[in-house]
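Structure record follows, encoded as structure tokens.
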Amino acid sequence: MKPKSKILIIHGPNLHLLGKREPDIYGKLNLDEINHKLTRIAEDKGVELEIFQSNSEGEIVNTITKGNYDFLIINPAAYTHTSVAIRDSLLAVGKPAIEVHISNIYKREEFRKKSLVSDVVIGIISGLGALSYYLALQGASEYLDSNS
Ligand code: DQA
């Protein structure tokens, strides 16, 4: 039997506060609830899933550059707009990736409209709440099916 593909999901800074943090923007679901649904989707799709949350840019870079996965789904959160280090690590490992945002970053403050990672990933899903993650996981699984 073919080994399962592995998808890594990274949640960036402050996303551990989902549910409590600005619920009008980020919704009422907490990170455990979102991760639970992601785990169920992964089981359904027959893919292996690793989920990682960190508030530290260096830890995120270390996790990306381990490279022990086939596809990356990343919500870099505030680092989206500032992190050359995360951008460089995506380029260094060269794994296919989707950038996810819960809110629509193009509908908010000017500084959020600039992403340093958008042009080094396959695509972006932004503004659909927790559904942004679920659709990204579905997209990653279909991508892996048709590219392996
Ligand atoms: C976010 C959008 C970012 O601008 C913000 O800093 C976040 C979350 C989102 O998921 O909508 O922390 O990435």
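Ligands are counted one by one from 1 in listed order, and the atoms in each one are counted from 1 as well.
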State whether the shortest distance between N or O atoms of [X] and N or O atoms of ligand 1 falls below 3.5 angstrom.
X: A78; result: yes
X: V100; result: no
X: R108; result: no
X: T80; result: no

- Compare G129, G127, S103, G27 and give the one whose heavy atom is closest to atom 11 (O) of ligand 1.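 Looking at heavy atoms only, the winner is S103.
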So is [X] in contact with ligand 1, going by heavy-atom distances below 4.0 Å?
X: R21; value: yes
X: Y26; value: yes
X: N14; value: no

- Message: Quick test: of every protein heavy atom, which one is nearest to atom 1 (C) of ligand 1, and how far off is it to 0.1 Å?
- Response: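 Here the closest protein heavy atom is H101 ND1, 3.7 Å.
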- Query: In terms of residue, atom name and distance, what is the protein heavy atom nearest to atom 9 (C) of ligand 1?
  - Reply: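 Closest protein heavy atom to atom 9 (C) of ligand 1: I102 N, 3.3 Å.
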- Query: What part of R112, side chain from CB on, backbone N/CA/C/O, both or neither, has a heavy atom under 4.0 Å from ligand 1?
  - Reply: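 Near ligand 1, R112 shows its side chain, while the N, CA, C and O stay back.
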- Query: Can you find a pair of side-chain heavy atoms, one from I51 and one from T39, that are under 4.5 Å apart?
  - Reply: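 Touching, per the 4.5 Å side-chain cut-off.
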- Mind checking whether I86 and I74 have side chains closer than 4.5 Å, heavy atoms only?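 A side-chain contact under 4.5 Å exists here.
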- Query: Which atom names give the shortest non-hydrogen contact between V121 and A97, and what distance separates them?
  - Reply: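 Heavy-atom minimum between the residues: CB-O, 3.4 Å.
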- Item | Ion pair check, R87 and D119, cut-off under 4.0 Å |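 D119 and R87: salt-bridged.
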- Query: Is the shortest distance from a Lys or Arg side-chain nitrogen in E43 or R40 to a carboxylate oxygen in the other one below 4.0 Å?
  - Reply: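 Salt bridge between E43 and R40, a charged N being under 4.0 Å from a carboxylate O: no.
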- Query: Is the number of heavy atoms from other residues, nucleotides or ligands under 6.0 Å of K114 NZ greater than 12?
  - Reply: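 No, the 6.0 Å shell around NZ holds no more than 12 heavy atoms from other groups.
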- Message: Regarding Q53 and N55, do their side chains bring together a donor and an acceptor under 3.5 Å, going by distance alone?
- Response: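 Per modelled atom types, Q53 and N55 side chains form a pair under 3.5 Å.
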- Output the list of atoms in ligand 1 that are nearer than 4.0 Å to some heavy atom of H81, sorted by atom number.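 Checking each atom against H81, I get 3 (C), 4 (O).
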- Message: Using 0.5 Å steps for rounding, measure from the CG atom of N30 to the CG atom of L17.
- Response: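 One finds 10.5 Å between CG of N30 and CG of L17.
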